*Asks:* 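Here you go, one structure.
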There are 2 protein chains.
Amino acid sequence: MNQFEQLKERLSEVGLKATQQRMVIFHSIMTSKNHPSAENIFEQVKSSNPSLSLATIYSTLETLVDKGLVKKVLVKDGVMRYDAHIGTHNHIYCTNTSEIIDFEDEELNQMIKKFLASKNIENLNIKDISLHIEGEKIDKRKSVKIN
Amino acid sequence: MNQFEQLKERLSEVGLKATQQRMVIFHSIMTSKNHPSAENIFEQVKSSNPSLSLATIYSTLETLVDKGLVKKVLVKDGVMRYDAHIGTHNHIYCTNTSEIIDFEDEELNQMIKKFLASKNIENLNIKDISLHIEGEKIDKRKSVKIN
DNA sequence: TCTTAATTAGGAATCATTCTTATTTAAAAA
DNA sequence: TTTTTAAATAAGAATGATTCCTAATTAAGA
């Protein structure tokens, strides 16, 4: 099954029509390196899909988030960003470059999960846990590396 | 030193004129229970300060954030919210009530900090770390309790 | 008290996002 | 394969939070 078929299947699985637009948008988020905004996706996609409208991007994003195929990523500058990486993971926010860097660490996830389980949080059905690390890139030309 | 004087001092310390508006707005955030938005603050403050404008609230918030007296709090619904609690702490987001609940736990903070220190994150000057717990309140009439 | 640079009020402008509606389309049914 | 139809889309208008602009006001130092 090729990539195209896989996308189609993932949409069908959640009960969505596999439209051209959805596939293009979903694919764009999946392959984007830096947690794109609606506008970013639009820019990335419009040359090969000139008739695809920004309104469609917004409504598709909402649909994909509703169906759990995509997550919203919060940022302090007022523009929503999106992430096709659904599993529990953490983010590093570079305040001086607007980059959002994935920070995956299963050990950390487990540690936090375990800690919270020991805390007994009453009257809350937890859906997602994520650690936000905010900081400034020291050298903007280099990337942030985690060892 | 009374509360009024304290506010005045905190503003002066960071090099800000202690204007009536700033004191009123800062005080409103400090005493607000639920991480207010600009609009919330405006509503809360306007009956006793009828000439205070929404534009002033926004510019004051920006100033207070710049000076580190207030933090922005991220939410997925597109309205920025503010927190006068500056120290490292975590938030619980109730998706069904829009509440943001402080979750303070020094043990958790230390545990995360220690873990990250062991990870050696290169080329990043970390400014803030916070854990976001997202979930649904089970009984909307009751509060979320952490034991 | 005077001076002045900083701050504010209030309305206009902006910009991200959502809404509306006529048109198009995926996919189920025939 | 063709038809049917509910769902999805395009495009532009509308909304709503936030920012901008500028004249008037004010805190605080001289």
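Here the structure is a predicted model, which means the values were calculated and not measured. Throughout, a chain's letter reflects where its sequence line sits, starting with A, and its residues are numbered from 1.
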*Asks:* Is K142(A) salt-bridged to E122(B), cutoff N-O under 4.0 Å?
*Replies:* no
*Asks:* Taking any heavy-atom pair under 4.0 Å as a contact, classify T56(B): base, sugar-phosphate, or nothing.
*Replies:* base
*Asks:* Which word best sums up how the rings of H89(B) and H85(B) line up, parallel for under 30°, tilted for 30 to 60°, or perpendicular for over 60°?
*Replies:* parallel
*Asks:* How would you list, by chain and number, every residue that makes a salt bridge (charged side-chain N to carboxylate O under 4.0 Å, His left out) with K17(A), sequence neighbours excluded?
*Replies:* none
*Asks:* What N/O pairs connect the protein and nucleotides 13-23 of chain D at under 3.5 Å? Give each pair on its own line.
*Replies:*
from    : atom 1 : to     : atom 2 : distance (Å)
dT18(D) : OP1    : M80(B) : N      : 2.9
dT18(D) : OP2    : Y58(B) : OH     : 2.3
dT18(D) : O5'    : Y58(B) : OH     : 3.3

*Asks:* CG of D77(B) versus C1' of dT18(C): gap in Å, rounded?
*Replies:* 14 Å
*Asks:* Pairs under 3.5 angstrom, nitrogen or oxygen only, protein versus nucleotides 25-27 of chain C, please.
*Replies:*
from    : atom 1 : to     : atom 2 : distance (Å)
dA27(C) : OP1    : A18(A) : N      : 2.8

*Asks:* Measure CZ/R22(B) against C1'/dA28(D) and give the value in whole Å, please.
*Replies:* 13 Å
*Asks:* Which pairs, with at least one residue in residues 78-91 of chain A and sequence neighbours excluded, count as a salt bridge (Lys or Arg N to Asp or Glu O under 4.0 Å)?
*Replies:* none
*Asks:* Which residues pass the ring pair (Phe, Tyr, Trp, His ring centres under 6.0 Å) test with H27(B), sequence neighbours left out?
*Replies:* none
*Asks:* Atom NZ of K46(A) and atom C1' of dA10(D): how far apart are they, to the nearest Å?
*Replies:* 15 Å
*Asks:* Roughly how many Å is it from CE in M23(A) to P in dA8(D), rounded to a whole number?
*Replies:* 14 Å
*Asks:* I'd like to check D128(B) versus K71(B) (side-chain heavy atoms, cut-off strictly below 4.5 Å). Are they in contact?
*Replies:* yes
*Asks:* Given atom CG of L61(A) and atom P of dA8(D), what is their separation to the nearest angstrom?
*Replies:* 15 Å
*Asks:* Nearest-Å distance, CG (L11(B)) to P (dT26(D))?
*Replies:* 18 Å
*Asks:* Do S59(B) and T56(B) pass the side chain to side chain donor-acceptor pair (under 3.5 Å) test, and can you show the C-alpha distance, the side-chain angles, and the key distance before you say yes or no?
*Replies:* CA-CA 5 Å; S59(B) 79; T56(B) 298; 5.3 Å; no
*Asks:* For N125(A), which residues count as a side chain to side chain donor-acceptor pair (under 3.5 Å) partner, sequence neighbours excluded?
*Replies:* none
*Asks:* Run the salt bridge (charged side-chain N to carboxylate O under 4.0 Å, His left out) test against D66(B) and tell me which residues pass, sequence neighbours left out.
*Replies:* none
*Asks:* Taking only residues two or more places apart in sequence, or in another chain, which ones meet K46(B) in a salt bridge (charged side-chain N to carboxylate O under 4.0 Å, His left out)?
*Replies:* E43(B)
*Asks:* To the nearest 0.5 Å, tell me how far F103(A) CZ sits from N109(A) CG.
*Replies:* 9.0 Å
*Asks:* Rounded to whole Å, how long is the line connecting atom CD1 of I57(A) with atom P of dA8(D)?
*Replies:* 17 Å
*Asks:* With sequence neighbours left out, what residues match S37(A) under side chain to side chain donor-acceptor pair (under 3.5 Å)?
*Replies:* N40(A)
*Asks:* Mind telling me whether H35(A) and H91(A) have parallel, tilted or perpendicular rings, with 30° and 60° as the class edges?
*Replies:* perpendicular
*Asks:* If you fit an axis to the five pairs at each end of the helix from dT1(C)-dA30(D) to dA30(C)-dT1(D), how big is the angle between those two axes, to 10 degrees?
*Replies:* 40°
*Asks:* Each nucleotide N or O in nucleotides 21-24 of chain C that has a protein N or O under 3.5 Å away: list the pair and distance.
*Replies:*
none

*Asks:* If I take atom CD1 in residue I41(B) and atom C1' in nucleotide dT8(C), what distance separates them, rounded to the nearest angstrom?
*Replies:* 16 Å
*Asks:* Going by side chain to side chain donor-acceptor pair (under 3.5 Å), name the residues that satisfy it together with Q21(B), two or more places apart in sequence or in a different chain.
*Replies:* none
